[in-house]
Amino acid sequence: MSLKISLPDGSKREYPAAVSALQVATDISPRLADAALAAEINGKMSDLSTIIDSDSELIIHTFKTDEGKELYWHSTAHLMAQAVKQLWPDVQVTIGPAIEQGFYYDFDREEAFSDEDLQKIEERMKELSAQDLPYYRKELSRAEAIEMFRGMNEMYKIEILSEIPEDQVISTYTQGDFIDLCRGPHISSSGKIKAVKLLKSSGAYWRGDEKNKMLKRIYGISFPTNKELKEYLNFLEEAAKRDHRKLGKDLDLFSISDEVGAGLVLWHPNGAMIRHLIEAYWKDAHLRNGYKLVYSPHVGRSNLWETSGHLGFYKENMYSKMDVESQDYYIKPMNCPFHLSIYNASHHSYRELPVRLAELGTVYRYERSGVLHGLMRVRGFTQDDAHIICTPDQVSNEVEKLIVFSLDMLKSFGFKEFMIYLSTKPEAAVGEDADWEMATQSLKASLNKLNLDFSVDEGGGAFYGPKIDIKIKDAIGRAWQCTTIQFDFNLPERFDMQYIGADNQAHRPYMIHRAVLGSVERFFATLLEYHGGNLPLWLAPVQMMILPITDAQLDYAKDLQSKLLEEGLRCEVDSRSEKIGYKIRDAELKKIPFMCIVGKREADEGSLTLRRHTQGDLGSMDFATALARIKHEL
RNA sequence: GCUCAAGUAGCUCAGUCGGUAGAGCACAUCCUUGGUAAGGAUGAGGUCACCGGUUCAAAUCCGGUCUUGAGCUCCA
C-alpha cells in the first residue's frame, strides 16, 4: 500500500508505507527538518514524530508561522516549569500557555520569584536545553492520570483533569524528569530552545478569579537564535522610549499628581494645545457630517440616573452621591441621559431624523486603583460622544456612514492598522430578538460592504445592544479600544423616546451610541506612542523654533516670528545666549518639527535656513520658499 | 481591590554598617557672541511621599496610609 502526502505548495510526495512527519520534512530538506517544530496533518496540529499512515495534507510548522511560535513558546513554558521544579521541588505547577509574545507559567509558591530566582531558573533552563531532552507524548486513562498526579502532589493538575470532557484523550508530555499534563503538541526536544529570557514575575489568580488563590506567574520569551532574542529585547527597549507616560514627561505634555488624585489628568500647555487641535478638528469634522454639537452638565439628579438605569447596573463605577439641598446628585459616568433629555425636550417628526447629537463630554468613573495606567485608564476622561437617533429604515445607512467616518478620522491622525470586532447578543439582554437581529445584520453588512476584516465576538455585546469596536495598538502591541459603535435598545424605552411618523403615530426611534476616538485621553496616548512623540506638523504644539546664531539676530528673528505667526504657524524664538549647537539640540529633543536658523548671513539677505526634525539641515532659502515648504507639509 | 516591587531637587539617579543629604541635566546671574545635537564660572533649589513606632540618633529599621509600576480582573 502506498500513500500520498500533499504539501502546501501543491506538490505531492509518495511513500510506500507509513512514515513520520519528521521523515517527510527530512526528505524535503535537512534544513527544514532542523527548523521543523510541529506538523499539521489534515489541519490537526501534531508532534513531528506522528506517523502518517494514509493520504494526508501536511504542513510543517517552523518558528516562522504563528502556530510554530505558539508551540515553541508552549514547549519553553514546560522547560521553565521543569527548571522551577528542579530548583524548588515543593512548588506546585498549574498552567503555562503560550501568549501573543512569549509564554507564562503559573506556580503555587508562597514567596514571589525574585530577579535572582529568575536568573537561576534561566540558567537551569539553559542547562536543560543543552541536555537536548526529548519531549515524549503518552496517552493514558483518566484514572491513571489522576493517580499519577496525586502521587506527584500536583493538585491543580487533578482539578484540571476533573474538568476535561469524558470523550477527550488525556495525554502527558515528559522531558527528562518532568511530566506535565498537556494536550500538546510539542517540539521534539529541548535542544531546539536556544535563547530564553525570563522577563518578569507577578501575581495572577488561579483561573483568573480573584476569589481564588494568588499564584506566582513568570513571563518569558524564547527564540531559536540569540540574534532574534536580541532583536526582541531591542524592540522592548525602543517601545519603552515611546511610552506615552515617558513622552508626556519629557515633552511636558501632562502630569498626574498624588495631591490631585490618582487617575486625574493635568494637561500642561503643550499637551493642552495638542488636545485643542484634536478637538477642533473633531468638532469641524462632526459639523461637516451632519452632527449637532451640544453641551451637558457634569452632575445630574438621582432621578435621571434612575430613569437611565445607571443606578441599577452601573452603580459600582459611579462616585457616591452628593447632597444638594437634600436632593441627591451624581457626577456623570456617561453622557447619554443628558443627550436623550435634549432629544426629549421637544417633539420630533420623522422628517428631522436622524438626529445626531455630539459632545466632547467629560465623565468620571470609579476605576479600581490597580487598573489605572497613564492616560490609557483614568478616572476622569472626555469621551468624544455622540448619539444618533433614527428610524428603522435609516439604520443601515447610518451604520455605514459611521464606520466610514470613524476610519477616516482615525486615518487622518496617521493610523493605518485597526482591529475590528463585532460583538453579538449576550445571554442576558434587553430588547426584542428582531431588533437585535436587524441591528447585528446591519453592522455586519456594513463591514462586509466596506470590505473590512473583522472578528466576531459571539455574545460579547452589551446587554442593551450589539456593537462594533475598533482597536488601535500601543507601542508594545497592546490593543486599546478607541472607536465603539453600540446599538442601545434599553435607553429609548427607559426615556420613552418618540418621533411622530408619516402615519401621525408616535414611534420608538433606534438609538446608536458611539465614540470615535473613544476618549480624548486614551486617543492622545495612542497617538503619542504611534508617532513616538514626533507628531504630524498640524498637531505639533510648537511647529517652529527660530534659532538666532548670536544675539545680534534677535530682532530679525522676532520679525520672522511675527510674519510666521501671521501665517498661522505656531512659532517661538530661542533667545537664550547659547551656541547654535546647543539650541538645535534642545529643539531636537523637544521634537519641534521645524527649526529656523538665522545668522548674520540670513539677516543681511533677508533669508533663513531651515532644519527639519529627524531630517536635518534643509539649506537656506527665502521666506516664501520656506513658507511653501512648510505649508506643503500641513 | 489583590500579589510583588518602588517613591530622595523640576527631570534622571547615587546615598555603604542608622550619625539630620549628593551628582548630572534643567533653572538664575555673570563671562563668552558662536553656523547645525551639550562653551565656562557662580548660585539658588530637598519636612528624603505622608503618619506613627523603635533608637541617644532614622532617607536608612518596623507598622500603617497615599501614589506609581508589572500583572490578575475590568474597561473609553
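What you see is a predicted model, and the numbers here were worked out from it, not measured in a lab. To find a chain, count down the sequence lines: A is the first, B the second, and so on, and within it residues start at 1.
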In residues 401-420 of chain A, what donor-acceptor pairs under 3.5 Å come from side-chain atoms, sequence neighbours left out?
{"unit_1": "A:S406", "atom_1": "OG", "unit_2": "A:L402", "atom_2": "O", "d": "2.7"}
{"unit_1": "A:S412", "atom_1": "OG", "unit_2": "A:Y281", "atom_2": "OH", "d": "2.9"}
{"unit_1": "A:S412", "atom_1": "OG", "unit_2": "A:D408", "atom_2": "O", "d": "3.4"}
{"unit_1": "A:S412", "atom_1": "OG", "unit_2": "A:M409", "atom_2": "O", "d": "2.7"}

B:G1 base / A:Y205 side chain donor-acceptor hit below 3.5 Å: yes
Any N or O donor-acceptor pair linking the side chain of A:R377 to the base of B:C74 at under 3.5 Å? yes
Regarding A:K200, tell me which of base, sugar-phosphate or nothing describes its non-hydrogen contacts under 4.0 Å with the strands shown. sugar-phosphate
For A:K315, enumerate each residue passing the salt bridge (Lys or Arg N to Asp or Glu O under 4.0 Å) test, keeping only those at least two apart in sequence or located in another chain. none
Within the 4.0 Å heavy-atom criterion, would you say A:E259 contacts the bases, only the backbone, or no part of the nucleic acid? nothing
Does a distance-only test, which skips hydrogens and angles, find a donor-acceptor pair under 3.5 Å between the side chain of A:R368 and the base of B:C72? no
With sugar-phosphate meaning primed atoms plus P, OP1 and OP2, does A:R576 contact a base, only sugar-phosphate, or nothing at under 4.0 Å between heavy atoms? sugar-phosphate
At under 4.0 Å between heavy atoms, what does A:G518 touch on the DNA or RNA strands: base, sugar-phosphate, or nothing? sugar-phosphate
Measure from the side-chain heavy atoms of A:E578 and tell me the nearest of B:A76, B:C2, B:G39. B:G39
Describe the nucleic acid contact of A:I597 in one word from base, sugar-phosphate, nothing, applying a heavy-atom distance below 4.0 Å. base
Answer with yes or no whether A:E602 presents, from its side chain, a donor or acceptor under 3.5 Å of a partner atom in the base of B:G35. yes
NA contact type, A:R611, heavy-atom cut-off 4.0 Å: base, sugar-phosphate, or nothing? base
